[in-house]
Amino acid sequence: MIAREETLRDLMTRAQGGDKQAYAVLLEQTGRWLTRFFAQKISPDAVDDLVQDTLISLHRKRASYDPTRPFLPWLAAIARYRWVDRLRQTYRHAADELQDQYSVGDHEDVIGAKISIDRLLHQLPEGQAVAIRLVKIDGLSIAEACNKCGQSEPLVKVNIHRGLKRLAALIESE
Amino acid sequence: MNNKFDIAALVVDLEPVTALNPRRPLMIAAAILAAMIALIIGIQGIRADVMAGHPDEMFLIRAGILLVLGGATANAVTSMASPSVGKSNNGWQIALAAAVVFPLSALIVATTGDIGPAVSAMQSGMRCMMYSAIGGLATAVPMVLALRRGAPTSLARAGWLTGIAAGGLGAFAYNLHCPFNNVVYIGLWYTLAVGGCAVIGRLVVPRLIRW
C-alpha cells in the first residue's frame with residue numbers, strides 16, 4: 001500500500017530538514033508510486049532505470065519542493081522530466097542519424113526498444129508515426145522502412161527526427 | 001524494484017536543505033533593476049517630461065507594459081524552479097499579448113508611410129538595444145541561479161521566458177531615459193530589444209540549467 005499525499009508531504013518536509021528515517025520511508029514509498037506511474041507509460045524493462053533516475057533527481061533537487069504545495073504533483077513533474085529526457089536522448093540519436101545518411105545500422109539503444117509510445121503515436125501525423133513505428137519499434141532499417149511504407153529515404157529520416165521531437169513536446173505538455 | 005542500495009546511499013547522503021523561496025530571486029532582480037535604472041539615468045539622464053513631473057501618455061503606457069511584461073515573466077521563471085504537474089502560471093501570456101500591441105500598431109502606422117524617427121534615430125535605437133541587453137543580462141542572473149538550484153522541467157520555455165523577462169526589465173530601465181514617444185519607434189526598437197534578449201535566453205539559458 002502506498003502512503004497518502006498528506007503522509008508523503010509530511011515525510012518530504014521532514015526530509016528537507018534532514019530527518020533520515022523519514023527520508024528512507026519517503027524514498028521507499030515514492031519508489032513504489034513511481035513504479036506504478038511509469039508502468040502505465042513505458043515498457044516493463046525500462047521502469048526500474050527510470051524509477052532510480054527519478055529518485056536520484058528527487059534527492060538532488062529536494063530543495064525545489066515547496067512544502068506549502070502538494071507533494072505528488074511535484075514528484076510527477078520530476079518523473080515526467082526524466083521520461084522526456086530519456087526520449088530526448090533518442091531524439092538526439094535520430095538527429096545524428098539524419099546528419100549521417102550512410103549510418104542506419106544499430107537500433108538497439110533507441111527509445112522504441114525501451115519505451116512504449118503507442119499511446120502517443122496516434123497523436124502524430126501518420127507519416128511520422130509510421131516511420132517511427134517501423135524503424136524505432138519494429139527495428140527495420142531505413143531502406144526496409146522505405147519499401148514498406150512507400151516514403152523516400154530522406155522523408156523517413158525527417159519524419160523520425162520530427163516525430164521524436166514532437167513526442168517529447170507532447171509528453172512535456174501532458 | 002532493485003533500488004534498495006541506491007535508497008540506502010541516498011539516505012546516508014541526506015543533508016538538511018532550505019526550500020527555495022521564489023520571492024528571493026525576484027527581490028534580487030528588482031534590486032538589480034533599481035541599480036540599472038540609477039546607472040542609466042546617471043550616464044544618459046532622465047526624460048525631461050518625467051523630470052518635470054508631466055510624463056507623456058505614451059511613455060506611461062510603454063513603461064507600464066514593459067514593467068508588467070518583465071515582472072510577470074520573471075515571476076513565471078522563478079515559479080518554474082519549483083515544478084508541479086497541473087500548476088499554471090500564465091500571467092506572462094497576457095502581459096506578452098498586451099506588449100504585442102506595440103509592434104502591431106507600429107506595423108499599421110508604418111504602412112501609412114509615417115515612420116517618425118524610427119529609422120532616422122537608429123543610433124538611439126541601437127543604444128536602446130544595448131542598454132536593454134546589459135540591463136537584461138544583469139537581471140537575468142538571479143533568475144538563472146534560481147533555475148539552476150531548482151528543477152525546471154521545460155528548459156526551452158524557461159530560456160524564452162528568462163530572455164523576455166530580462167529584456168522587458170532591461171528595456172524598462174532604458175525607457176526612463178528614451179526621449180521618443182513615436183509608436184513606430186517603440187514598436188521597432190523595443191521589440192528588437194526584448195525579442196533579441198528572448199532569442200539569447202532561448203539559446204543560452206537551457207544549457208545553463210539542464211539537470
Side-chain angles (χ1 to χ4, degrees), chain A residues 12-32 34-35 37-38 47-49 51-85 88 168-169 171-174, chain B residues 1-26 75-90 93 142-161 202 206-211:
Chain A
M12 183 63 184
T13 306
R14 285 161 57 191
Q16 283 182 319
D19 183 336
K20 295 192 176 191
Q21 199 173 357
Y23 193 44
V25 177
L26 175 78
L27 290 176
E28 202 272 330
Q29 291 291 323
T30 50
R32 285 191 200 177
L34 288 168
T35 302
F37 178 83
F38 286 125
V47 169
D48 277 358
D49 281 352
V51 169
Q52 290 197 27
D53 280 356
T54 309
L55 288 178
I56 292 168
S57 293
L58 179 154
H59 180 74
R60 287 179 52 220
K61 295 295 181 178
R62 61 192 185 278
S64 74
Y65 171 65
D66 178 352
T68 65
R69 300 184 65 87
F71 172 76
L72 287 174
W74 176 81
L75 179 65
I78 301 281
R80 196 175 64 178
Y81 177 78
R82 288 272 68 104
W83 182 26
V84 170
D85 197 44
R88 286 229 169 84
I171 295 168
E172 210 163 56
S173 65
E174 268 193 336
Chain B
M1 189 173 57
N2 59 355
N3 55 16
K4 297 291 179 195
F5 173 76
D6 293 304
I7 285 178
L10 295 179
V11 171
V12 168
D13 191 48
L14 182 72
E15 296 287 341
V17 291
T18 307
L20 289 180
N21 178 357
R23 278 176 303 204
R24 194 163 173 231
L26 286 178
N75 184 51
V77 169
T78 55
S79 148
M80 289 178 86
S82 298
S84 184
V85 167
K87 183 173 80 170
S88 64
N89 197 329
N90 298 331
Q93 292 172 342
M143 289 186 254
V144 171
L145 289 176
L147 289 171
R148 278 176 67 88
R149 189 162 175 243
T153 53
S154 179
L155 305 187
R157 182 182 295 178
W160 281 120
L161 291 186
R202 170 63 185 89
R207 296 162 198 264
L208 301 175
I209 62 174
R210 188 174 296 282
W211 54 282

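Quick caveat: nothing in here was measured; it's all calculated off a predicted structure. As a basis for the values below, the full set of heavy atoms in this structure was taken, side chains included, without hydrogen atoms, waters or symmetry mates. A, B, ... follow the sequence lines: proteins, then strands. Residue 1 opens every chain.
- Rounding to the nearest 0.5 angstrom, the gap separating the OH atom in Tyr81(A) from the CG atom in Leu155(B) is 4.0 Å.
- Applying the 6.0 Å contact sphere to CD of Gln21(A) captures no more than 12 heavy atoms from other residues, nucleotides or ligands.
- Here Ala63(A) is the residue among Ala15(A), Gly17(A), Ala63(A) with the most heavy-atom pairs under 4.5 Å with chain B.
- Residues Trp211(B) and Arg82(A) share a closest heavy-atom pair of O-NH2, 3.1 Å.
- Heavy-atom distances place no part of Pro22(B) under 4.5 Å from chain A, backbone and side chain included.
- The shortest heavy-atom contact between Ile78(A) and Pro83(B) is CD1-CG, 4.2 Å.
- Note: Thr153(B) OG1 to Asp85(A) CG = 11.5 Å, rounded to the nearest 0.5 Å.
- Between the CD atom in Gln52(A) and the CG atom in Leu10(B) there is a gap of 9.0 Å [rounded to 0.5 Å].
- Applying the 6.0 Å contact sphere to CZ of Arg149(B) captures more than 12 heavy atoms from other residues, nucleotides or ligands.
- Residue Arg14(A) places its CZ atom among more than 12 non-hydrogen atoms of other residues, nucleotides or ligands, all under 6.0 Å distant.
- Proximity to chain A (any heavy atom under 4.5 Å) is restricted, for Ala81(B), to the backbone atoms N, CA, C and O.
- The minimum heavy-atom distance linking Leu14(B) with Lys20(A) is given by the pair O-CE, 3.6 Å.
- The main-chain N or O of Tyr65(A) is never found under 3.5 Å from a side-chain atom of Ser82(B) such that the two would form a donor-acceptor pair.
- Rounding to the nearest 0.5 angstrom, the gap separating the CG atom in Leu20(B) from the CD atom in Gln16(A) is 9.0 Å.
- Considering every non-hydrogen atom in both Gly150(B) and Ser64(A), the closest pair reads CA-CB, 3.9 Å.
- Heavy atoms only, all atoms of each residue included: Arg62(A) and Glu15(B) are closest at NH2-O, 2.8 Å.
- Of the two parts of Asp13(B), the backbone and the side chain both hold a non-hydrogen atom closer than 4.5 Å to a non-hydrogen atom of chain A.
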